[in-house]
Amino acid sequence: LRGDLLMPGFKNAHTHSAMTFLRSMADDLPLQEWLFRQIFPREAKLNPKRVADFTKVAFLEYIANGITSCFDMYFHTDEFARVATEWGFRAVICESLTAGNDWDDIYRNYERYNNWSDTVSYIPGFHGEYTGSADMIRHIAKAAEELKAPVYSHNSETASEVEGCIERHGCTPTKLMDELGVRVEDRKVIQVARDFQEKKRAIDPKYENMVAMAMEMPDGTIITGRSSRRMVAAAAMILNAVKHEAGLADGIHLISPMVL
């Protein structure tokens, strides 16, 4: 490879791809003011064709930077799915329900997009606590449990969002979601990562600030990774996954410590 590195493509785990048309738009404003005064009014003027065109711009940028898949939360999702399929781009559509939507779209879209093409899939989700309602979150939690699917959402992005949730519900967004049935522990990789983290901390105090991550492979195996002086947890996890797929022993270094 003459010094180059052959590796899987990067995954962008949180995108609003068609928002390329809004880049640098009033980005000096606080989030809530930026969203409600600058972004939402402009997004209301979008049509399916424009979403498709702006999504293509995003895909070009992703590919140019080694990103081969994304988790996307937006609207006019048929157009997004069509472009992803035509371009052979791996995309997960993350539902972006708000209080004004038909919440049963989750069931219809789950079947529709998970059978759309080889490169498109779908998971339930909602935009955020401040654009939804307690009943909506409860409904999504029930649907996710029935579908055995994860839930995708914005959560506690700003101090004002957290403060507003406390005023409305008497608790933080994370606490509210937990009470309404959307819990991080519903993803089995979460507890595995936590157990791995606690096990390492019990071995040696030097692991006190260690970050741990876990992912589930197609065969059901859960792979872990931890942070170190040389590598972030996500990178370690990916390398461990590569070793698993290749049938290599865990003790083998894919990248020499001397290089790192």
Side-chain angles (χ1 to χ4, degrees), residues 12-46 51 70-77 92-110 122-191 193-194 197 209 211-213:
N12 191 330
H14 187 106
T15 62
H16 310 285
S17 294
M19 287 184 73
T20 48
F21 84 105
L22 292 166
R23 186 165 294 129
S24 300
M25 176 66 68
D27 57 6
D28 58 334
L29 295 177
L31 178 62
Q32 300 299 318
E33 184 177 351
W34 179 75
L35 280 174
F36 286 93
R37 294 188 180 181
Q38 299 293 333
I39 302 307
F40 291 162
R42 288 176 170 84
E43 287 182 330
K45 300 177 182 179
L46 287 175
V51 167
C70 69
F71 287 68
D72 199 82
M73 175 185 277
Y74 216 53
F75 41 89
H76 294 311
T77 43
V92 181
I93 295 174
C94 306
E95 188 67 78
S96 184
L97 291 182
T98 64
N101 296 134
D102 183 348
W103 304 339
D104 282 333
D105 278 348
I106 287 178
Y107 296 98
R108 291 185 287 268
N109 289 340
Y110 185 87
Y122 168 95
I123 59 175
F126 58 100
H127 179 263
E129 174 276 325
Y130 59 93
T131 54
S133 67
D135 286 341
M136 180 196 76
I137 297 173
R138 191 179 292 109
H139 183 86
I140 292 170
K142 178 177 179 293
E145 182 179 6
E146 293 173 359
L147 296 169
K148 300 187 184 306
V151 175
Y152 200 88
S153 179
H154 297 100
N155 181 11
S156 304
E157 292 185 296
T158 65
S160 62
E161 178 187 343
V162 175
E163 292 164 0
C165 186
I166 292 173
E167 290 179 5
R168 287 185 290 273
H169 303 286
C171 60
T172 65
T174 301
K175 179 65 174 175
L176 177 67
M177 291 181 197
D178 186 78
E179 291 178 350
L180 297 176
V182 179
R183 304 179 180 90
V184 295
E185 293 83 358
D186 291 340
R187 299 297 305 279
K188 60 183 178 181
V189 294
I190 299 294
Q191 195 57 53
R194 288 176 172 174
Q197 189 178 51
N209 296 316
V211 175
M213 296 186 69

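Sequential numbering from 1 along the given sequence is applied to the chain's residues. All heavy atoms count here, side chains included; hydrogens, waters and symmetry mates do not.
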Next item on the list: Taking atom CZ of Arg37 as the centre, report whether more than 12 heavy atoms of other residues, nucleotides or ligands fall under 6.0 Å from it.
Entry: no
Checklist line | From CD1 (Ile140) to CG (Leu97), nearest 0.5 Å | finding: 5.0 Å
Next item on the list: Find the distance between CG (Leu35) and CD (Glu157) and round it off to the nearest 0.5 Å.
Entry: 8.0 Å
Next item on the list: Kindly say whether Phe126 contributes a backbone atom to a donor-acceptor pair with the side chain of Ser153 at under 3.5 angstrom?
Entry: yes
Check: What is the distance from atom CZ of Phe21 to atom CD of Glu43, rounded to the nearest 0.5 Å?
Finding: 5.5 Å
Next item on the list: Give a yes or no on this: more than 12 heavy atoms of other residues, nucleotides or ligands lie within 6.0 Å of atom CZ of Phe71.
Entry: no
Note to self: Which heavy atom of Ala149 sits nearest to which heavy atom of Pro124, and what is that distance?
What the structure shows: CB-CD, 3.6 Å
Check: Tell me, do Asn101 and Phe75 make a side-chain contact under 4.5 Å, heavy atoms counted?
Finding: no
Note to self: Going by salt bridge (charged side-chain N to carboxylate O under 4.0 Å, His left out), name the residues that satisfy it together with Glu95, two or more places apart in sequence or in a different chain.
What the structure shows: none
Notebook entry, point to check: CH2 of Trp103 to OG1 of Thr98: how many Å apart, nearest 0.5 Å?
Noted result: 9.5 Å
Next item on the list: Work out which heavy atom in Leu147 is nearest to a heavy atom in Tyr110; give both atom names and the distance.
Entry: O-OH, 3.6 Å
Margin query: Do Thr174 and Met177 have side chains that approach each other closer than 4.5 Å (heavy atoms only, starting at C-beta)?
Written below: no
Note to self: Which heavy atom of Cys171 sits nearest to which heavy atom of Lys175, and what is that distance?
What the structure shows: CB-CG, 3.7 Å
Notebook entry, point to check: Would a 4.5 Å heavy-atom cut-off, applied to side chains only, mark Leu22 and Gln38 as touching?
Noted result: no
Check: Rounded to the nearest 0.5 Å, how far apart are CD of Glu129 and CZ of Arg168?
Finding: 4.0 Å
Notebook entry, point to check: Can you name the closest pair of heavy atoms from Tyr122 and Ile106 and give their distance?
Noted result: OH-CA, 3.4 Å
Item checked: Rounded distance [0.5 Å steps], SG in Cys165 versus OH in Tyr130 -> 12.0 Å
Check: What are the two closest non-hydrogen atoms of Ala141 and Leu180, and how far apart are they?
Finding: CB-O, 3.5 Å
Margin query: Quick check on Glu145: does its CD atom have over 12 non-hydrogen neighbours (other residues, nucleotides or ligands) under 6.0 Å away?
Written below: no
Checklist line | Contact summary for Met136 and Ala99, nearest pair of heavy atoms | finding: SD-N, 3.8 Å
Notebook entry, point to check: What residue pairs, at least two apart or across chains, pass ring-ring contact (aromatic ring centres under 6.0 Å, His included) with a residue in residues 144-168?
Noted result: His14-Tyr152, His14-His154, His16-His154, His127-His154
Note to self: Tell me every residue that passes side-chain contact (heavy atoms from CB on, under 4.5 Å) with Ser160, counting only those two or more places apart in sequence or in another chain.
What the structure shows: Gln32, Thr158
